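First up is the structure itself, then whatever we jot down about it.
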Amino acid sequence: MDINKDLWELSRVVFSYPVIDNHAHALLREEHKDAYPFEGVISEASGEKATQDATHTLACYRASSQLAKLFGLPPDADWEAVKQYRRALPYDQLCSMCMAPTRIQCILIDDGLGSGEHLYAYRWHDQFTYNSTKRIVRVEALAESILKHAMEEQIEKKELSPTTLLARFMSQLEGALATAAADNEVAGFKSIACYRTGLDISVVPSLRDDMPVEQLLTRLSLIYMTNRSLRLSHRRINDYIVNVAMRIAGEAGKPVQFHTGLGDNDITLTLSSPAHLQPLIKAYPNTKIVLLHSGYPFTQEAGYLTAVYENVYLDFGEVFPFLSPDGQRQVVRQVLELSPTNKIMWSTDGHYWPETYYLASLQARQALLEVLENSVRKWELTLPQAIGIVQKAFFENANRVYNLGLEPQLV
């Protein structure tokens, strides 16, 4: 057996195999391409000082080098040089330069992030993929939209009835989720409970005749009358929203994604571990659950859940490009420590800027190759086993879990 020949073949497969990006977000419209600080490519930090600090990370140094190479800049080009160059490029050219090398065959887009008028519609991204883009419905955003509309109806009629409001909200939420679940354009659902009240979600099958919730809706209605703003971050309501989504998704055979771990400073880190989801996992054994973002820094906890619960799957995304190269390799190693390889899948968590898709794709392939290559060198994996892991992680598992019915388009 020629180990060098095997490693060359493994590298060829890793860098050429098509991928299903099972979790991403829309790109900014051309007229809004500079609406947010570009440092969001390399960090979840917010605020001017925090984003300035992000440029002093290993993640930034590596991203600068890789983007400089993509753009044909000198090897010593820094972050500011990259920003200056990309700002001068025609936007369609920038998007094509970043997306073409990714080999992404299908994107599943959570279109609930950010301001709708700043972003392209999810199907706009079809121009970059072989297969059509699918939607991931963010359940909290859907619930807020329904509750706003119900409040506006009562305000317009000058009648405030929390009992009626609650009943209407519950009925319309159930109907909207059922409609989404039956929609072929919708591949699954996503919850950002991690950002709102934490992942220690209680099993709440109904809110009917729940007096504290009715009192809360009265307060929220009065606030909404004043500033026309609504953000649901109230445990009882938020837990109920997730429970309804879990039930309906399970009945339809569609997965529910959960943001876990890595995020901006809006999360409570101690409540972002996927370990908190155990009661919910047990309560809905027929609902497929996808733990997003590697669960980082709780990757081993996430891996444990995939190993012991049939309905739990693990996405290893977002750590590319936010972590250092060593950090990324460590996450991939931890994912593979315990997780069955038929239950892991990859994503870019691409958002706003096309560079996020490019960097995530390149760095994920590099990290997975280096980890698998090490195991092949030690005779812990055969070449067919290593290639099988690549094919499952990049394509087959997401294709099966999301019922996409796609065929990999090989080079």
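As a basis for the values below, the full set of heavy atoms in this structure was taken, side chains included, without hydrogen atoms, waters or symmetry mates. Owing to the predicted nature of the structure, the values given are computational and were not obtained by experimental measurement.
Residues Ile387 and Tyr17 form no side-chain contact, since every pair of their non-hydrogen atoms from C-beta on lies 4.5 Å or further apart. Proximity of Leu173 to Leu147: side-chain heavy atoms (C-beta onward) are nowhere separated by under 4.5 Å. Counting only heavy atoms from C-beta outward, the side chains of Met170 and Ser206 approach each other to under 4.5 Å. Between Met345 and Tyr402, some side-chain heavy-atom pair lies under the 4.5 Å cut-off. Taking 4.5 Å as the limit, some side-chain heavy atom of Gln363 sits within range of a side-chain heavy atom of Gln66. Put simply, the side chain of His293 reaches to within 4.5 Å of the side chain of Asp349, judged on heavy atoms. Residues Trp124 and Arg29 fail the side-chain proximity criterion, which asks for heavy atoms closer than 4.5 Å. Side chains of Arg123 and Glu185 form a contact here, defined as non-hydrogen atoms less than 4.5 Å apart.
Between the side chains of Glu30 and Tyr120, no donor-acceptor pair of N or O atoms lies under 3.5 Å. In the model, Ser339 has a side-chain atom that pairs as donor or acceptor with a side-chain atom of Thr306 under 3.5 Å. In this model, a donor atom of one side chain and an acceptor atom of the other lie less than 3.5 Å apart for Lys392 and Thr341. Between the side chains of Asp126 and Thr133, at least one donor N or O lies within less than 3.5 Å of an accepting N or O. Between the side chains of Gln84 and Arg87, no donor-acceptor pair is found at a separation under 3.5 Å. Residues Gln366 and Arg62 bring a donor and an acceptor atom of their side chains to less than 3.5 Å of each other.
Nearest approach of Ser202 to Asp239, heavy atoms of both residues: N-OD2, 3.1 Å. Summarising the geometry of Asp315 relative to Ser347, their closest heavy-atom pair is OD1-OG, 2.8 Å, with the distance given to 0.1 Å. The minimum heavy-atom distance linking Leu207 with Arg236 is given by the pair CD2-CG, 3.7 Å. When all heavy atoms are compared, the tightest approach of Pro162 to Leu217 is O-CD1, 4.2 Å. For the residue pair Leu220 and Leu232, the shortest heavy atom distance occurs at CD1-CD2, 4.2 Å. Closest non-hydrogen pair, Asp53 versus Thr57, comes out as O-CG2, 4.0 Å.
Side chain of Ser96 to backbone of Asp92: a donor-acceptor contact under 3.5 angstrom is found. Distance alone, capped at 3.5 Å, places no donor-acceptor pair between the His276 side chain and the Ser273 backbone.
In Glu310, the CD atom is not crowded: 12 or fewer heavy atoms of neighbouring residues, nucleotides or ligands sit closer than 6.0 Å. A 6.0 Å sphere centred on OH of Tyr304 holds no more than 12 heavy atoms belonging to other residues, nucleotides or ligands. Counting heavy-atom neighbours within 6.0 Å of Arg231 CZ, excluding the residue itself, gives a total above 12. Within 6.0 Å of OH in Tyr313 there are more than 12 heavy atoms belonging to other residues, nucleotides or ligands. Sparse packing is recorded around CG of Asn184, with 12 or fewer heavy atoms of other residues, nucleotides or ligands lying under 6.0 Å away.
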Carefully, step by step, assess Leu280 and Ile201 under the rule side-chain contact (heavy atoms from CB on, under 4.5 Å).
CA-CA 7 Å; Leu280 200 71; Ile201 300 166; 4.2 Å; yes

Under the side-chain contact (heavy atoms from CB on, under 4.5 Å) criterion, do Leu372 and Leu336 qualify, and how do the steps go?
CA-CA 10 Å; Leu372 293 178; Leu336 293 174; 4.2 Å; yes

Output, in order, the C-alpha distance, side-chain angles, deciding distance and verdict of side-chain hydrogen bond (donor to acceptor under 3.5 Å, both in side chains) for Asn397 and Arg400.
CA-CA 5 Å; Asn397 294 342; Arg400 183 186 75 255; 3.3 Å; yes

Determine, step by step, whether Lys83 and Glu39 satisfy the salt bridge (charged side-chain N to carboxylate O under 4.0 Å, His left out) criterion, reporting the C-alpha distance in whole Å, the side-chain angles of both residues, the deciding distance to 0.1 Å, and the verdict.
CA-CA 10 Å; Lys83 287 171 63 176; Glu39 285 69 28; 2.9 Å; yes

Decide side-chain contact (heavy atoms from CB on, under 4.5 Å) for Met97 and Phe71; before the verdict, give the C-alpha distance in whole Å, the side-chain angles of both, and the deciding distance to 0.1 Å.
CA-CA 8 Å; Met97 286 180 70; Phe71 295 151; 3.6 Å; yes

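Classified by interplanar angle (parallel below 30°, tilted 30° to 60°, perpendicular above 60°), the ring pair Phe394/Phe316 is parallel. Using the six-membered ring where Trp is involved, Trp353 and Tyr36 have ring planes that are perpendicular, over 60° apart on the 30 and 60° scheme.
Residues satisfying the side-chain hydrogen bond (donor to acceptor under 3.5 Å, both in side chains) test with Glu251, not counting sequence neighbours, are none. Residues forming a side-chain contact (heavy atoms from CB on, under 4.5 Å) with Gln172 (at least two apart in sequence, or on another chain): Ile146, Arg168. Among residues two or more places apart in sequence or in another chain, the side-chain contact (heavy atoms from CB on, under 4.5 Å) test is passed with Ala182 by none. For Pro75, there are no side-chain contact (heavy atoms from CB on, under 4.5 Å) partners at least two apart in sequence or on another chain.
Between Arg235 and Asp200 there is a salt bridge, since at least one side-chain N of the basic residue sits less than 4.0 Å from a carboxylate O of the acidic one. Salt-bridge annotation for Arg247 and Glu174: present, with a side-chain N of the basic residue lying under 4.0 Å from a carboxylate O of the acidic one. In this structure, Arg196 does not pair ionically with Glu140, as no charged nitrogen and carboxylate oxygen lie closer than 4.0 Å.
From Glu380, atom CD reaches atom CZ of Arg377 across 13.0 Å, with rounding to the nearest 0.5 Å. In this structure, NZ on Lys343 lies 10.0 Å from CG on Leu314, to the nearest 0.5 angstrom.
Of the residues Arg365, Arg333, Arg329, the one that meets the salt bridge (charged side-chain N to carboxylate O under 4.0 Å, His left out) test with Glu370 is Arg329.
Taking the ring centre of Tyr91 as origin, the terminal cationic atom of Lys33 falls outside the region bounded by 6.0 Å and 45° from the ring axis.
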Listed pairs under 3.5 Å, donor-acceptor, residues 102-114 side chains, sequence neighbours left out:
unit_1 : atom_1 : unit_2 : atom_2 : d
Thr102 : OG1    : Met99  : O      : 2.7
Thr102 : OG1    : Ile104 : N      : 3.3
Arg103 : NE     : Ser16  : O      : 2.9
Arg103 : NH2    : Ser16  : O      : 3.1
Arg103 : NH2    : Gln409 : O      : 2.8
Gln105 : OE1    : Gln409 : N      : 2.8
Gln105 : NE2    : Asn131 : OD1    : 2.7
Gln105 : NE2    : Glu407 : O      : 2.7
Asp110 : OD1    : Gly112 : N      : 2.9
Asp110 : OD1    : Arg138 : NE     : 3.4
Asp110 : OD2    : Arg138 : NE     : 3.1
Asp110 : OD2    : Arg138 : NH2    : 2.7
Asp110 : OD2    : Lys190 : NZ     : 3.1
Asp111 : OD2    : Arg135 : NE     : 2.9

Contacts under 3.5 angstrom, residues 282-290 side chains, donor-acceptor by atom type, not counting sequence neighbours:
unit_1 : atom_1 : unit_2 : atom_2 : d
Tyr284 : OH     : Asn243 : OD1    : 2.7
Thr287 : OG1    : Met246 : O      : 2.8
Lys288 : NZ     : Gly253 : O      : 3.0
Lys288 : NZ     : Val401 : O      : 2.6

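Taking the ring centroids of Tyr61 and Trp79, they lie at or beyond the 6.0 Å cut-off. The aromatic ring centres of His259 and Tyr195 sit less than 6.0 Å apart.
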